[in-house]
Amino acid sequence: MRSGTVGSVATFGLVHGAGDVGWYWHLVEEELRGRGHITVAPDLPVGDDALTLDDYADAVVAALGAAAPRSTLAVVGQSFGAFTAPLVADRLGVDLLVLVAGMVPAPGEPPDRWWENTGYAAARDAQAARDGGLTGNDDPFVSFYQDVPRALAEEALSKERAHPSSAAGAAPWPLEAWPDVPTRFVLCTRDRFLPPDFLRRLVASRLDIIPDEIDAGHCVALSRPRELANLLERYLTA
């Protein structure tokens with residue numbers, strides 16, 4: 001992947017994770033728009049079980065095109081959105097790609113196989129043994145939203161959707177190599193879904209970069225929107 005400095009004012013394409021909607025990003029959007037940036041956070045078309053990751057990327061590309069983006073373009077993928085964001089980056093030749101608590105894919109790897117291929121279950125169980133079962137807990141207020149204000153977490157859960165489609169999960173990740181785009185990774189140090197130690201290893205092995213860390217749980221765009229926006233903006237000139 002190439003490196004380099006990009007412009008200070010940008011359009012951000014924000015890709016939500018599994019079971020979510022574009023609303024997930026609304027607090028980060030407020031922060032970024034208040035600083036003069038354009039943001040686009042579409043709902044991925046997960047209602048059709050036949051649609052693939054390429055179809056999800058189509059939706060993001062179309063939304064960005066409708067927004068008349070500025071010359072500097074950044075794409076950000078949260079969690080499962082890490083499967084879609086690089087596809088968008090590859091198609092559009094963006095200036096910056098950011099994964100936030102992302103499930104880093106490998107060329108040709110179906111998302112359904114990601115869990116076994118990465119050793120996720122063992123990492124989850126090891127962290128759960130250390131934290132008394134908080135990691136991987138069946139209660140989403142414990143495992144996903146522990147640092148999100150309760151009313152906001154309840155609103156997020158009220159918007160939950162089934163995701164991904166069976167086709168998106170089963171088809172091989174379509175890229176043959178990681179896009180030649182400057183790539184950053186934001187790791188959440190209190191993540192109870194994707195354990196931090198597990199992600200540090202995964203990011204090192206698959207991206208060969210060192211992640212930036214933020215003191216937050218998995219849903220950092222809701223719990224630490226300003227801090228996350230600060231990181232995203234910093235990346236534009238780093």
Side-chain angles (χ1 to χ4, degrees), residues 11-49 51 55-56 59-60 62-64 66-67 74-85 88 98-103 111 124 128 131 133-165 168-169 186-196 199 213-233:
T11 295
F12 287 88
L14 306 170
V15 184
H16 64 75
D20 224 326
V21 291
W23 172 91
Y24 168 76
W25 294 104
H26 74 285
L27 297 178
V28 174
E29 288 191 279
E30 290 176 8
E31 288 286 339
L32 292 173
R33 289 175 179 173
R35 306 173 194 193
H37 303 293
I38 295 171
T39 64
V40 177
D43 293 347
L44 298 181
V46 301
D48 186 337
D49 207 41
L51 296 185
D55 295 306
Y56 295 175
V60 180
L64 284 168
V75 176
V76 185
Q78 158 80 20
S79 196
F80 188 89
F83 285 100
T84 299
V88 178
V98 183
L99 304 184
V100 180
M103 299 169 63
R124 177 203 59 207
D131 66 20
L134 299 176
T135 296
N137 196 284
D138 290 338
D139 184 346
F141 294 110
V142 173
S143 54
F144 284 91
Y145 299 105
Q146 79 270 21
D147 57 344
V148 177
R150 182 71 180 212
L152 190 60
E154 290 174 348
E155 186 174 2
L157 283 172
S158 74
K159 300 177 183 295
E160 192 173 53
R161 301 184 294 167
H163 180 68
S165 69
V186 179
L187 183 146
C188 300
T189 61
R190 291 194 280 153
D191 199 328
R192 294 175 180 170
F193 174 55
L194 300 177
L199 281 183
E213 302 193 2
I214 189 167
D215 182 27
H218 190 70
C219 297
V220 60
L222 296 177
S223 64
R224 301 288 188 275
R226 179 169 297 175
E227 292 89 337
L228 180 55
N230 288 345
L231 268 181
L232 296 179
E233 193 170 49

V88 side chain reached by Y56 side chain, heavy atoms, under 4.5 Å = no

Starting from the C-alpha separation in whole Å, work towards a yes-or-no answer on side chain to side chain contact (heavy atoms under 4.5 Å, CB included) for L157 and Y145.
-> CA-CA 10 Å; L157 283 172; Y145 299 105; 3.7 Å; yes

Any side-chain heavy-atom pair of L231 and V100 under 4.5 Å | no

Does CZ in R226 sit with more than 12 non-hydrogen atoms of other residues, nucleotides or ligands closer than 6.0 Å?
-> no

For L134 and D131 the tightest heavy-atom approach is N-OD1, 2.9 Å

Donor-acceptor contact present, side-chain Q78 to main-chain C219, <3.5 Å = no

Regarding N230 and R224, is there a side-chain donor-to-acceptor distance under 3.5 Å anywhere?
-> no

Expected output: side-chain E30 to main-chain P225 donor-acceptor under 3.5 Å | no

CE of M103 to CG of L199: how many Å apart, nearest 0.5 Å?
-> 10.0 Å

Neighbour count >12 (heavy atoms, 6.0 Å) for atom CG, D138 | no

Any idea how F83 and F80 line up, ring-wise: parallel (<30°), tilted (30 to 60°), or perpendicular (>60°)?
-> tilted

Are any of the side-chain nitrogens in K159 or D20 under 4.0 Å away from the carboxylate oxygens of its partner?
-> no

Please identify each residue that fulfils side-chain hydrogen bond (donor to acceptor under 3.5 Å, both in side chains) with S143, with sequence neighbours left out.
-> none

Contact summary for V220 and A216, nearest pair of heavy atoms = CG2-CB, 3.6 Å

So, the side chain of H16 versus the backbone of L44: is there a donor-acceptor pair under 3.5 Å, distance only?
-> yes

Output yes when a side-chain donor or acceptor of Y24 lies under 3.5 Å from a complementary backbone atom of A221, and no otherwise.
-> yes

Once you round to the nearest 0.5 Å, how far does NE2 of H218 lie from OG1 of T135?
-> 12.0 Å

side-chain hydrogen bond (donor to acceptor under 3.5 Å, both in side chains) partners of R33, counting only residues at least two apart = E29, T39

Whether R192 side chain and V142 backbone form a donor-acceptor pair below 3.5 Å | yes

Side chains of H37 and E31: does their closest heavy-atom pair fall under 4.5 Å?
-> no

Indicate yes or no: at least one non-hydrogen side-chain atom of V76 is less than 4.5 angstrom from one of W25.
-> yes

